[in-house]
Participant: 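Following this message is one structure expressed as C-alpha cells.
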Amino acid sequence: EQYLLYKSATKIQARWRGFVAHEQYLFYKSSTKIQAKWRGFLAQEQYLLYKSATKIQARWRSFVAREKYLFYNSATKIQAQWRGFVARDQYVLYNSATKIQAQWRGFVA
C-alpha cells in the first residue's frame, strides 16, 4: 500500500512539474512574441523617423541648390547686362570716332 501511495505521489508530482513547465513555456513563448512585436514597432518607428529625416534633408538640399542657382543666374544676368552696356558704350565711341575720321578725311581730301 505504501508503494502505491509512493507511485501515486510520484505521478502527481510529475504531472504537476509537467504542468508548471508547460505554463512556464507558454509564458516564455508569449513574452517572446510580445518582445518581437515591440521590437518590430520600434523598428518601424525608427524607419519612419529615418524616412522623414531623409525627406527633410532632400528638401533642404533642393532649397539650397535652388538658391545657389538663382544667385548664380542673377549674377550671370547682371554680368550680361554690364557687358552689353560696356559693348554699346564702346560701339558708340567707336562709331563716333569713325564718323569724326570720315569727316576729317572728307575735309582733308
Participant: Between NZ of Lys55 and OG of Ser52, what distance do you get to the nearest 0.5 Å?
Facilitator: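 If I round to the nearest 0.5 Å, the distance is 7.0 Å.
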Participant: Between the main-chain N or O of Val92 and the side-chain N or O of Ser96, is there a donor-acceptor pair closer than 3.5 Å?
Facilitator: yes
Participant: Could you state the interatomic distance from OH (Tyr94) to CD (Gln101), rounded to the nearest 0.5 Å?
Facilitator: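 Rounded to the nearest 0.5 Å, the OH-CD separation comes out at 8.0 Å.
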Participant: Within this structure, what is the CG-CD distance for the pair Leu49 and Gln44, rounded to the nearest 0.5 Å?
Facilitator: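 That separation rounds to 11.0 Å.
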Participant: What distance do His22 atom NE2 and Lys29 atom NZ have between them, rounded to the nearest 0.5 Å?
Facilitator: 11.5 Å
Participant: Rounded to the nearest 0.5 Å, what separation is found between the CG atom of Leu42 and the CD atom of Glu45?
Facilitator: 7.5 Å
Participant: Can you find a heavy atom in the side chain of Arg15 that is under 4.5 Å from one in the side chain of Phe19?
Facilitator: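 No, every pair of side-chain atoms sits at 4.5 Å or beyond.
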Participant: Can you establish whether the number of heavy atoms outside Gln103 located under 6.0 Å from its atom CD is more than 12?
Facilitator: no
Participant: Please report the interatomic distance CZ(Arg88) to CZ(Phe85), rounded to the nearest 0.5 Å.
Facilitator: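 Arg88 atom CZ to Phe85 atom CZ measures 8.0 Å (nearest 0.5 Å).
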